[in-house]
4 protein chains.
Amino acid sequence: MARTKSAPENREAKRVLIVETAIGIFASKGYHAAKMQDIADALSIAKGTLYEYYTDKEDLFLGVYDYWMDLYEASMMRAMEDHFDPVSKADALIDTTVEFYEKHAKYAPLLLEFWAHALRSTSDSFLIRIRDMKKRLSQLGSEVATQMQALKLFRNVDSESFAVLELGISDGIFLQWVIDGQSYSLREAYKFRQSVIGSGLMTDTLRKLVAAKVEKKLRLGFLHTSFVRKEDT
Amino acid sequence: MARTKSAPENREAKRVLIVETAIGIFASKGYHAAKMQDIADALSIAKGTLYEYYTDKEDLFLGVYDYWMDLYEASMMRAMEDHFDPVSKADALIDTTVEFYEKHAKYAPLLLEFWAHALRSTSDSFLIRIRDMKKRLSQLGSEVATQMQALKLFRNVDSESFAVLELGISDGIFLQWVIDGQSYSLREAYKFRQSVIGSGLMTDTLRKLVAAKVEKKLRLGFLHTSFVRKEDT
Amino acid sequence: MARTKSAPENREAKRVLIVETAIGIFASKGYHAAKMQDIADALSIAKGTLYEYYTDKEDLFLGVYDYWMDLYEASMMRAMEDHFDPVSKADALIDTTVEFYEKHAKYAPLLLEFWAHALRSTSDSFLIRIRDMKKRLSQLGSEVATQMQALKLFRNVDSESFAVLELGISDGIFLQWVIDGQSYSLREAYKFRQSVIGSGLMTDTLRKLVAAKVEKKLRLGFLHTSFVRKEDT
Amino acid sequence: MARTKSAPENREAKRVLIVETAIGIFASKGYHAAKMQDIADALSIAKGTLYEYYTDKEDLFLGVYDYWMDLYEASMMRAMEDHFDPVSKADALIDTTVEFYEKHAKYAPLLLEFWAHALRSTSDSFLIRIRDMKKRLSQLGSEVATQMQALKLFRNVDSESFAVLELGISDGIFLQWVIDGQSYSLREAYKFRQSVIGSGLMTDTLRKLVAAKVEKKLRLGFLHTSFVRKEDT
DNA sequence: AATGAATGAGCTTTCATTCAT
DNA sequence: TATGAATGAAAGCTCATTCAT
């Protein structure tokens, strides 16, 4: 039984330690205002040492994103595994998201920067990573939606479109909440959304009138609609 | 009949010209990567001239935000004024938003940076401006929702909460769309959302079962729920 | 009889107006911190107009120096003319100096800058102007000292050396007073100096002992002593 | 026996090296004309390195002042310690000053800039430092004067006032000498001054007449006279 | 003569990165 | 592996000066 961790294990442990410290600095100051020196100081190590573990600042930033998203994804996966019926699963996914977001509300600006970074970076690696993660998450959502339909709890809806929509909505509410100064309960906002989405806003009278049209829309979704990009003039 | 524009008019025209150029540079490179020199070059003026019209880079960035948001808000207001019944109004708001977002999709990263900037800036001016704008927009949405209810088209719903939710959803879908590489029609995504929100996803069977509970939730909204912020540990 | 001043007179009047304004700005902010814009603002004229009257900033600074020194010199000359016996003249010179310095204490840093400027300027014009002024002043002092000696009020002293010494002492006391935060009466400091210089500090006993040696020193002065400059090593 | 200098020692050595180089640049070009690049070039180091040792240009300038004044003060203190009777001490102080000033004549403009800087700087740190130094120096002079009086070599004179006067005179003569292009011997000027101050200029006849009045003035000094500052009108 | 918009060289300062130890 | 002194490119901002009106 080894008394000390082997070298590679130590290395990985230190990488994690660095990322866990860096996330706080990046989140509170932003990518540009966060200095490598700040991070080194927070770790009580020398600036040069950071470069032994990450090739450069961007690499470290990417590491932070990965670390954070892995955490989120893992907790989402766990939520799925811990429940069996789709209703519980749906609830668990929302709970997990709310908990994660509430816990990491202070990292919210980071999320924005990740996205901005990804949309602008010359290399696609950042963007690809975000999309992959989103794909996995939307598969989760899609799965649950499909099960709901199978149980006749959900109407006939393109579950893929729905899952993508849900992801957007989720991020949008979170953003809104952060910009609003976290002045209300994120959980309640999510629940309110759930009610709206689940039950709809139309009165029964109206609902019946538009039933056929809505039915079709929901069934087809929006992901496979043709789209012509319009250029700015 | 004035022969030449008066000085102040010229000044304002030049401010607008600068902002219109700056927006493109900021959007494509990002706040930090965009250099004042780049902007000056794009305008074929000297760097120093920029400082005759904006006190510093941040001021110019704020100018860009204002310019852009004023455009959006104005078109939303116009959409409201051009229609009289709430259903048309709701459609018009969505149309306007979709058009605006589609037209300015390339400026999307800017939106993220505005938000990140606002959340981190020492001065509140940025955040306040965003909130004010959101408030005005949500009032528009709230108004429409109230009219819908008055006409018995909408169920009893806290229209304020609903309007806030809508804003978040709207931004969220846009973001999602941008990150997804604009691979589907934003308009269709918005319509899909409209169907989901209007009609709900539940089957009639389930719907009836949870009717009372949902009713209450929608009526109360989420804005005035008590909220205890949880600290990260 | 002309109703308006002729053009050249107007021009001169404006030059004076500019200088009188500039002196306050230069004095309070220093040469470098004082901006041409500040001066233009204080005059409520356009920046460009300054350049119609002075070729550049340095020229204006020189103008300020000239204006100020002319004022001082003129009042010294007047003091001399208003009195006839050397004792009154000596008193008047001191009075005038004290009054001038007290009145313009806030311009003291300017004096330092003039000197520093002169010692460093590539062109000698500044230094020459200062030396000329000092020469005229020391002639005044020298004259008075000579008259004192003629009246047997002063011992045999090289009046030229004495006048140069006096100038240095005068500036030195003023500087000291300014740096000391003007915490005592400049006039009293000058009077104290006068007593020291007039009557000496030695007791009669010691005085007699060194009489011959001192006598010689005073008679010869220091201006024509040989001097080998030592270079910094 | 240490083989290598410890880090802090090296650091201090480098700070001194920088200051010793900076002093020459500042002196010859002036604070504003002296560029950080010039100083770095003179040291054959990178500009950035300067900022590892001094927070900014002003800090470096302050360092130069401190370095220089410490040198002067230390040599004055040494002069005091090396002699025992007040007459020798007085001579030694003058000798030291003359030597110091002659050796550093080329730094004279710096002294003016230090003073100008101090009188205008928003922070008092510069001014306080100058005053403290002057206070220590005037204590030296005051001490000597008191001893002279105890030995009945000096008349009854307020030694504090006298010491302050002496400092002013000393600086004034130096300034005068520099502005006069160092065209005479500074040492002789100081000696001449010593004769004047020691023995006075009045003839015995006049001296006796004003004896009582002068006596009083010298005894009282000028430091504690009431003073009403006159404002410029 | 007066203006003030435009200029652009030139400054201080920062900080990611390197590399000899 | 860890260090941290040294680097130097790069950027925002200033402001004396110009010149078309």
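No hydrogens, no waters, no symmetry mates; every other heavy atom, side chains included, goes into these values. Per chain, numbering begins at 1; letters A, B, ... match sequence-line order.
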Residues passing the salt bridge (charged side-chain N to carboxylate O under 4.0 Å, His left out) test with D:Lys35, sequence neighbours excluded, are none
Could you tell me how the ring of A:Trp68 sits relative to the ring of A:Phe114: parallel (under 30°), tilted (30 to 60°) or perpendicular (over 60°)? tilted
Under 4.0 Å from any atom of DNA chain F, heavy atoms only: list the residues of residues 16-39 of chain A that qualify, in numerical order. none
Taking for each residue the nucleotide of DNA chain E with the nearest heavy atom, is it B:Ile45 or D:Thr55 whose nucleotide lies nearer the 5' end? B:Ile45
Please identify each residue that fulfils salt bridge (charged side-chain N to carboxylate O under 4.0 Å, His left out) with B:Asp66, with sequence neighbours left out. B:Arg129
If you look only at pairs with a residue in residues 111-122 of chain D, which of them pass as a salt bridge (Lys or Arg N to Asp or Glu O under 4.0 Å), with sequence neighbours excluded? C:Glu113-D:Arg120, C:Arg120-D:Glu113
Any residue meeting side-chain hydrogen bond (donor to acceptor under 3.5 Å, both in side chains) with D:Asp59, in chain and number order, not counting sequence neighbours: D:Thr55
Which donor-acceptor pairs under 3.5 Å do the side chains of residues 44-54 of chain B make with protein atoms, sequence neighbours left out?
from    : atom 1 : to      : atom 2 : distance (Å)
B:Thr49 : OG1    : B:Ala46 : O      : 3.4
B:Tyr54 : OH     : B:Arg15 : O      : 3.1

Residues in residues 46-54 of chain C with a heavy atom under 4.0 Å of DNA chain F, by number, are C:Lys47, C:Tyr51
side-chain hydrogen bond (donor to acceptor under 3.5 Å, both in side chains) partners of C:Gln37, counting only residues at least two apart: none
Each stem that DNA chain E is part of, given as range with range (3 or more consecutive Watson-Crick or G-U pairs, under 3.5 Å): E:2-21 with F:2-21
List in chain and number order the residues that pass salt bridge (charged side-chain N to carboxylate O under 4.0 Å, His left out) with C:Lys14, two or more places apart in sequence or in another chain; answer none if no residue qualifies. none
With the threshold set at under 4.0 Å for non-hydrogen atoms, list the residues of residues 59-68 of chain D touching DNA chain E in residue-number order. none
Presence of B:Arg11 side-chain N/O under 4.0 Å of E:dG4 phosphate oxygens OP1/OP2: no
Once side-chain hydrogen bond (donor to acceptor under 3.5 Å, both in side chains) is applied, do any residues pair with C:Ser125, and if so which ones, sequence neighbours excluded? C:Ser123
Looking at the side chain of B:Asp56, which of F:dC13, E:dA1, E:dA16 is the nearest nucleotide? F:dC13
